[in-house]
Undergrad: 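Please find one structure pasted underneath; my questions will follow.
Predicted model, so just to flag it, every value in this text is computed and none were measured. So you know, we letter chains A, B, ... as the sequences are listed, proteins then strands, and number each from 1.
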Amino acid sequence: MKKTFKKNERLCSLKIIGSLFDRNNSANEGVFAYPVRVVCKSSEETHTQVLFSVPKRQFKHAADRNLIRRRMKEAYRLNKELLKNSYYISFIYVGKVIENYVVIEKGIKNCLKKL
RNA sequence: AAAGUAAGUCGUCUUAUCGCUACUUUGAGGGGUAACCCGAUGAAGUUGAGGAAAGUCCGAACAGUGCAGAGCAUCAUGCUACCUAACGGGUAGGGGAUAAUCGAGCGAUUGAUUAUCUACAGCCAGUGCCACAGAAAAUAUACCGCCUUCGGGUAAGGGUGAAAAGGUAGGGUAAGAGCCUACCGCUUGUUUGGUAACAAACGAGGCAUGGUAAACCUCAUGAACUGAAAGACCAAAUAAACCGACGAAAGCAAUCUCCGGAUUGUUUAAAAGGCUGCUCGUCUGAGUCGGAGGGUAGGUUGAUAGAAAUAAUAGGUGACUAUUAUUCCAGAUAAAUGAUAAGACUUUAAUACUUAUUCUCGGGAUAAUUAUUAAAGACAGAAUUCGGCUUACAGGCUUACUUCUUCU
RNA sequence: GACCACGUAGUUCAACGGAUAGAAUAGAAGUUUCCUAAACUUUAGAUCCGGGUUCGAUUCCCGGCGAGGUCA
């Protein structure tokens, strides 16, 4: 499997995102490994679709949010062969400080292993 | 040479591997009669954040709505000239305030230099406010005082206060007072200089006008409103339904007719609505307004060749402008510029070596050079686009000024 | 992206340009009680920050900072 991350691997549909964050939907499952929280559900499509989110409440500056999102994206790109089935996944950063790349990669790896 | 201040300017770099955005070229194969289309999480190449991209404080472009027009309201600005597409921005100039230094005069006051600041139209159009203190805070009906012919006259003195009815000196007077004189200040007229703000000179007025307009307000100038979630096109979806309130008048003509009427057209009237917030006025006119609810919520465009950038020359004190040449320099949309490794550069700290200075000469302290190790490299991320302003910012460079030290 | 309002004691709110910035609660100390509660007495507490206008600013003006809200 090639280590690419193109447009069709990203989760863009507003409807699916809405259903993913609907608290009443029992199909969603959650996984946690510091500093990342994962909300996901299984999909019928051939590719797994992913979104990354960093809360504005914790990180005020857009430059910080961009940095964290890019590190998470990189970690997912290099480790996504760990996944067997296809999912809709949202990665949410819950750390209070900006962690370096090693810590974020460890968290993403653990999440993907649990799935 | 160092430090500080001000202005301007730059604001990390190189290589490798993996990956992202856009564009160009290519195309295993598939579809189609053909033109051509699709196209491998294909391949190759080029390209990809800022001086503030930020705050959203001003001004425009652009777009929509509206536009017979008039008035009012509302908002903004406010010394002068210029720059500019425009501006509440900038440049140059004028006036003013504060502080320091050096002067002139008995004094009131005032001249020069330097630095900093300056929302700097109008309280002789009107209205309001001016706590406490003080006799009095603006129409001085005078509290004490002074004088008196006992009717009154009088603002010279009265500790206050941010502010007290022009000031200083002299004359004058019953006591006083611009009542009079000189000087200073103020107001005002003329002339001269300057594009103008304004300045200077020569008169005139006895001074009438306390402060406050970042108080209401007046005057002048400007502004129609909304804001890319604007707007245009394509696709998809559906509901001309439901509930409540208000309204649906009359004439003529044509058609249909079960002769009761119904439909359509037209004229007048009218609920209501449009025309920015209001009024006048004006237009449309059989539906209008409100509630609750349903559906859709994808794509293309707007949207990146411009009041563009760079360089040279010319004009201007300057902001800036003109001409010529060259260049094409992000275009994402749940939102592209990243990760890892190695190296360079800069800064800081520690250790070691060497040199210099100094001392209580055991050694220590300070400064500089070199080497090694470690840490750090700011503020901050395009979202339609420009011109400004404001704010954040490690460090480097250039220019000017000031201060002190060393050397010549 | 565009736009709109707000900031006062620990908390919820007041306050014409005139000051010792007020009230209710919460806090602290004391009185009362065998102890606690209630009650009473006392006390310490704040104008988001920096400039300006004014004799004087929580209030007026400008700039920042913070925390909110609206839109198809």
Undergrad: Taking the same atom, P, in B:U139 and in B:G126, what whole-Å distance lies between them?
TA: 12 Å
Undergrad: Could you please name the partner base of B:G318, counting Watson-Crick and G-U wobble pairs only when both distances are under 3.5 Å?
TA: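 Partner of B:G318: none found under 3.5 Å.
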Undergrad: If you look at every heavy atom in A:Met72 and A:Phe91, which pair is closest and at what distance?
TA: CE-O, 4.3 Å
Undergrad: Say we look at B:C219 and B:G71: how far apart would their P atoms be, to the nearest angstrom?
TA: 15 Å
Undergrad: Does any nucleotide pair with C:C60 by Watson-Crick or G-U wobble geometry, both distances under 3.5 Å, and what is it?
TA: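 Pairing partner, where one exists within any strand: C:G52.
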Undergrad: Check the chi torsion on B:G193 and let me know: syn if it falls within 90° of 0, anti if not.
TA: anti
Undergrad: Could you measure the distance from the OH atom of A:Tyr93 to the CG atom of A:Asp64? Nearest 0.5 Å is fine.
TA: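 The OH atom of A:Tyr93 sits 10.5 Å away from the CG atom of A:Asp64.
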Undergrad: Working to the nearest 0.5 Å, report the span between CZ of A:Arg71 and CD1 of A:Ile104.
TA: 6.0 Å
Undergrad: Going by purine N1 to pyrimidine N3 plus the second Watson-Crick contact, or the G-U wobble pair, all under 3.5 Å, which nucleotide sits opposite C:A72?
TA: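 Partner of C:A72: none found under 3.5 Å.
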Undergrad: So, using salt bridge (charged side-chain N to carboxylate O under 4.0 Å, His left out) as the criterion, who are the partners of A:Glu105 when residues are at least two apart?
TA: none
Undergrad: First locate atom OG of A:Ser90, then atom CZ of A:Arg37, and finally report the distance between them rounded to the nearest 0.5 Å.
TA: 7.5 Å
Undergrad: Start at the 5' end of RNA chain B and walk down; is the nucleotide closest to A:Asp64 or to A:Arg69 reached first?
TA: A:Arg69
Undergrad: Can you tell me how far apart CD1 (A:Ile108) and CG (A:Asn79) are? Round to the nearest 0.5 Å.
TA: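 Taking CD1 in A:Ile108 and CG in A:Asn79, the distance rounds to 8.5 Å.
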Undergrad: Using purine N1 to pyrimidine N3 plus N6-O4 or O6-N4 for Watson-Crick, or N1-O2 and O6-N3 for G-U wobble, each under 3.5 Å, what pairs with B:C219?
TA: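 Here B:C219 is engaged in a pair, and the nucleotide opposite it is B:G78.
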Undergrad: Hunt down the Watson-Crick or G-U wobble partner of B:U181, both distances under 3.5 Å, from any strand shown, or write none.
TA: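 Answer to the pairing question: B:A169, which forms a Watson-Crick or G-U pair with B:U181.
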Undergrad: Considering every strand shown, what is the Watson-Crick or G-U wobble mate of B:U113 when both distances are under 3.5 Å?
TA: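 B:A100 - that is the nucleotide pairing with B:U113, both distances being under 3.5 Å.
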Undergrad: Hey, what do you get for CG (A:Leu51) to CZ (A:Arg69), rounding to the nearest 0.5 Å?
TA: 10.5 Å
Undergrad: Considering every strand shown, what is the Watson-Crick or G-U wobble mate of B:C246 when both distances are under 3.5 Å?
TA: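 Paired with B:G287.
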Undergrad: Expressed in angstrom and rounded to an integer, what is the separation of A:Asn66 atom CG from B:G50 atom P?
TA: 15 Å
Undergrad: Going by the glycosidic torsion and a 90 degree boundary from 0, is the base of B:G260 oriented syn or anti?
TA: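 Chi for B:G260 falls in the syn range.
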Undergrad: Taking atom P in both B:C389 and B:G90, compute the distance separating them and give it to the nearest angstrom.
TA: 6 Å
Undergrad: State the pairing partner of B:G48; accept Watson-Crick or G-U wobble contacts with both distances under 3.5 Å, and report none otherwise.
TA: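 B:G48 is paired with B:C20.
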Undergrad: Name the orientation class of the two ring planes belonging to A:Phe52 and A:Tyr76 (parallel below 30°, tilted from 30 to 60°, perpendicular beyond 60°).
TA: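 Aromatic pair A:Phe52/A:Tyr76 classed perpendicular.
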Undergrad: Can you tell me how far C1' in B:G8 sits from the matching atom in B:G59, rounded to whole Å?
TA: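 26 Å, rounded to whole Å.
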Undergrad: For A:Arg77, is there an ion pair with A:Glu74 - N to carboxylate O distance below 4.0 angstrom?
TA: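 Yes, this pair counts.
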Undergrad: Could you work out the separation of B:A115 and B:C75 based on their P atoms and round it to a whole Å?
TA: 43 Å
Undergrad: Between B:U41 atom P and A:Gln49 atom CD, what is the distance in whole Å?
TA: 16 Å
Undergrad: Checking one value: the base orientation of C:C6, syn if chi is within 90 degrees of 0, otherwise anti.
TA: anti
Undergrad: I'd like the P distance from B:U212 over to B:C120, given in whole Å.
TA: 12 Å
Undergrad: What's the verdict on side-chain contact (heavy atoms from CB on, under 4.5 Å) for A:Val36 and A:Ile92, showing C-alpha distance, side-chain angles and the deciding distance?
TA: CA-CA 6 Å; A:Val36 181; A:Ile92 303 162; over 6 Å; no
Undergrad: Determine the interatomic distance between P on B:A63 and the same-named atom on B:A307; round to the nearest Å.
TA: 14 Å
Undergrad: For A:Lys109 and A:Ala75, indicate whether the former's side chain and the latter's backbone hold a donor-acceptor pair under 3.5 Å.
TA: no
Undergrad: B:U47 and B:G51: how far apart are their C1' atoms, nearest whole angstrom?
TA: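 About 23 Å, rounded to a whole number of Å.
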Undergrad: Would you classify B:G151 as syn or anti? Syn applies when the glycosidic angle is within 90° of 0.
TA: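 Here B:G151 takes the syn form, which means its glycosidic angle is within 90° of 0.
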Undergrad: For the pair made of CD1 in A:Ile68 and C1' in B:A380, what is the distance, rounded to whole Å?
TA: 15 Å
Undergrad: Going 5' to 3' along nucleotides 337-343 of chain B, which nucleotides have protein heavy atoms under 4.0 Å from the base (write B), which only from the sugar-phosphate (write S), and which from neither (write -)?
TA: SBSS---
Undergrad: Using a 4.0 Å cut-off on heavy atoms, which residues in residues 104-111 of chain A reach RNA chain B? List them by number, or say none.
TA: none
Undergrad: With syn defined as a glycosidic angle within 90° of 0 and anti as the rest, where does B:G42 land?
TA: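 Anti for B:G42; the angle lies over 90° from 0.
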